[in-house]
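Contents: one structure, followed by commentary.
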Amino acid sequence: MTVASGARPARATRLGQWAQELRALLRRWYLQLVRERAHLVLTLCQPAFWLVFFGLGVGGLVDHATVGTDDYTGFILPGVIGSTVIGSAISGAVPLLWDKETGYLHKLLSMPINRGSVLLSRLLFQVVVTGVQVAFILLVAVVLGVRVATGFPGLLLVSLVAALLTVALTAVFLALAYHGPGHNTFFTVSGFAALPLLLASNAFVPLAAMPGWMAAVARLNPLTYANEASRQLVLGGWHPRLVGYLVGLSLFAAVCVTAASLAFRKQAGGAP
Amino acid sequence: MTGEAITTTGLGRVFGDRHAVRDLDLRVPTGQVMGLLGPNGAGKTTTIRMLTTLLAPTSGSARVAGLDVRRYPARARRHIGYVPQEKGVRHLLTGRESAEIEADLHHIPRRERDRRVTEVLDLLGLLPDADRLVSEYSGGLQRRLDLACGLLHRPDVLILDEPTLGLDVPSRRQVWDHVRQLRDGGGTVLLATNYLDEADALCDRVTILDRGREVVTGTPAELKRKVGADVVVVRTRQPDRLGRALAGLPWVRQVKVVDADVSVFVADAPSALPAVMAEARRHDVAVLRATYERPTLDDVFVHFTGHVAAGAQ
Ligand SMILES: Nc1ncnc2c1ncn2[C@@H]1O[C@H](COP(=O)(O)OP(=O)(O)OP(=O)(O)O)[C@@H](O)[C@H]1O
Ligand SMILES: [Mg+2]
């Protein structure tokens, strides 16, 4: 072995290599998604349908005094976005789960790539997927007559909130996929977590209308703060509170990503 | 350049209270094909996963291409081509896309990438199928693609975990040819297999593992010699005359006569058979039947592990 071949490449080379591996991983995720046409179309459109049926259908039954606005579609918009983010975070971990179960993840990890690249590429990819979904939801909402109090800049911030929540939750589910014993556990746990995460939040019902204990639980739920922020932007208007929400969500995302990347340093769980 | 591409010292891995591999001292000289044999659960894959830095050893150490896999995992990985035991199912990508992506993951410079991808696809006869989806490939095509991808970055050490599992005979031969070509080009190959004929045809040396321990190491010929000799067996009406005629010859190790059968112990039965026949003719001995027996790796395997190999029919 010559010394040169065992030596560390220079910093610029390492940056270039890092970009190359991220691009390759993103290309792989992208090709696999777009080749499943039906899955792709449903993934992108389903949340918007939900907004239509929930907003127009259930909206007719809801007492406007309870939700505090007569724009119920506008009221549940953050909830629909939140449920989309949860769904996206779970399905975002599934390709990694399959890679683990088919043994391809082992091969990936035996390559000279940065271990964090698999995690990072998956997070980036899922943020873009959620971004497209959210853009579609917002478009449908505007068509349905929702008037956004903070206008277009507000919509961008709503998307940012969705992106932060996506990063946080996807990181958690990726860690579960990586470390769990297999797909049964993954789908049981994620299925078990999804509904409480959504329902024990203010996605569809304001905190004030909940029983006290439920409101207390909802206050511990990160989704509640994402909803508060979006709702403030859509129905309320500009307010200093928004800074607090955004900082809080950013911190939450940072904690989740840090925890997940620590988990990725360790051995993958489950069968070889 | 050191003489050893892979060296392990007291390498061990424990899962809970199960010793998957223990106290393994493996040495693979540069430029050789080394076989890892052993019954299911012997620890072949576990050993390979430690060498490819996927699994941390619980004891001992391992060096690949001169690099300690625990201290320099990332650098060691650059020298390793690894084809895992599992099929690399890359659902909805074409063969070429899969190879391109793996080339990028090995940091092959962009200007070289496409040429290199075409080269390895061609080497394994995959060019006609390069632009079909891998999900439509037959098992053999997939396995060849796995192998092609393992060669992309021209690794110094190629580590193959059961490379021909599920392949048809022509594809197996093709894979063997490629492995030999690689060795002849100076590469080192470590190969885990359950097929003893494969080990015999391909490996310069083999190590047999059983329950995590090394049982024996040597060239296939040495190991066969350890468990028995080549024997030419001649049936004749004049066994004693033939026995006497052969007994003193330099290439004959021992002669045993039992009833009408003369057993002649020699170093290499196929080449000794015509000589035995010539002696019989010279001494006017009428031969009724002549056969030879030589130990196979199967005999070696059964002798050292007490099991019949999983790959044997
Ligand atoms: N992740 C793991 N957790 C627990 N035990 C394991 C794990 N991986 C392997 N083992 C155990 O270690 C032992 C060696 O397994 P290994 O896969 O290395 O065998 P092998 O020689 O490759 O067998 P095969 O021919 O079936 O591929 C087995 O007893 C197996 O059950
Ligand atoms: Mg194995």
Side-chain angles (χ1 to χ4, degrees), chain A residues 1-9 13-40 94-95 97-118 121 265-272, chain B residues 1-2 4-5 15 20 30 45-46 48-49 51-56 63-67 72-94 97-98 100-110 113 133 135 146 149-150 152-153 155-156 159 161:
Chain A
M1 220 32 55
T2 56
V3 178
S5 62
R8 249 161 183 284
T13 321
R14 267 186 292 150
L15 268 181
Q17 291 179 340
W18 189 58
Q20 187 181 16
E21 71 201 34
L22 276 182
R23 233 183 1 236
L25 288 167
L26 287 170
R27 179 174 176 219
R28 183 164 176 269
W29 306 132
Y30 170 76
L31 287 174
Q32 291 191 347
L33 179 68
V34 295
R35 297 235 164 107
E36 281 194 86
R37 285 279 160 67
H39 174 69
L40 177 67
V94 170
L97 191 64
W98 294 146
D99 278 347
K100 187 174 107 175
E101 302 216 331
T102 58
Y104 194 70
L105 183 64
H106 273 142
K107 195 168 175 195
L108 278 179
L109 296 180
S110 78
M111 293 180 186
I113 59 171
N114 191 323
R115 285 205 172 197
S117 292
V118 177
S121 68
R265 295 240 172 101
K266 298 207 199 106
Q267 201 60 51
Chain B
M1 187 65 73
T2 63
E4 274 168 17
F15 292 109
T30 303
T45 300
T46 305
I48 283 179
R49 288 177 56 206
L51 294 175
T52 50
T53 78
L54 290 174
L55 195 65
R63 298 168 81 80
V64 177
L67 294 161
Y72 307 108
R75 284 154 72 188
R77 286 200 290 269
R78 289 193 186 279
H79 296 276
I80 300 173
Y82 170 46
V83 180
Q85 184 169 5
E86 303 91 349
K87 273 189 260 168
V89 190
R90 281 137 297 188
H91 335 256
L92 296 170
L93 307 176
T94 67
E97 285 164 352
S98 308
E100 282 172 1
I101 286 170
E102 294 205 4
D104 279 336
L105 295 177
H106 280 292
H107 305 136
I108 293 170
R110 284 306 279 264
R113 188 189 75 177
L133 290 182
S135 55
D146 290 339
C149 290
L152 274 168
H153 60 298
D156 300 322
I159 300 185
D161 200 347

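Computed from a predicted structure; not experimentally measured. Both backbone and side-chain heavy atoms feed into the values below; hydrogens, waters and symmetry mates do not. Quick note on labels: first sequence line is chain A, next is B, and so on, each numbered from 1.
Summarising the local packing, CH2 of W98(A) is surrounded by more than 12 heavy atoms from other residues, nucleotides or ligands at distances under 6.0 Å. Around atom CZ of F15(B), more than 12 heavy atoms belonging to other residues, nucleotides or ligands sit under 6.0 Å away.
A donor-acceptor pair is defined here as one N or O able to donate and one able to accept, closer than 3.5 Å; such a pair exists between the side chain of Q20(A) and the backbone of I108(B).
Atom CG of L133(B) and atom CG of L31(A) lie 10.0 Å apart (nearest 0.5 Å). Atom-to-atom distance recorded for R49(B):CZ and L109(A):CG is 10.0 Å, nearest 0.5 angstrom. Note that NZ of K107(A) and SG of C149(B) are 4.5 Å apart. Values are rounded to the nearest 0.5 Å. To the nearest 0.5 Å, atoms OH (Y82(B)) and NE2 (H106(A)) are separated by 7.0 Å. Between the CG atom of L92(B) and the CD atom of E36(A) there is a distance of 5.5 Å, given to the nearest 0.5 Å.
Looking only at heavy-atom pairs under 4.5 Å with chain A, the residue among R110(B), H153(B), H106(B), H107(B) that has the most is H107(B). Contact count versus chain B (heavy atoms, under 4.5 Å) is highest, among G16(A), S110(A), S117(A), for S110(A).
Proximity to chain B is absent for every atom of L22(A), based on heavy atoms less than 4.5 angstrom apart. Heavy-atom distances place both the backbone and the side chain of L105(B) under 4.5 Å from chain A.
Proximity of M111(A) to R78(B): side-chain heavy atoms (C-beta onward) are nowhere separated by under 4.5 Å.
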Where do R35(A) and E97(B) land on the salt bridge (charged side-chain N to carboxylate O under 4.0 Å, His left out) test, with the steps shown first?
-> CA-CA 13 Å; R35(A) 297 235 164 107; E97(B) 285 164 352; 2.8 Å; yes
Step by step, would you call D104(B) with E21(A) a side chain to side chain contact (heavy atoms under 4.5 Å, CB included)?
-> CA-CA 6 Å; D104(B) 279 336; E21(A) 71 201 34; over 6 Å; no
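The minimum heavy-atom distance between P112(A) and A74(B), with the atom names listed, is CB-O, 4.3 Å. Considering all non-hydrogen atoms of both residues, I113(A) and R77(B) come closest at O-NH2, 3.7 Å.
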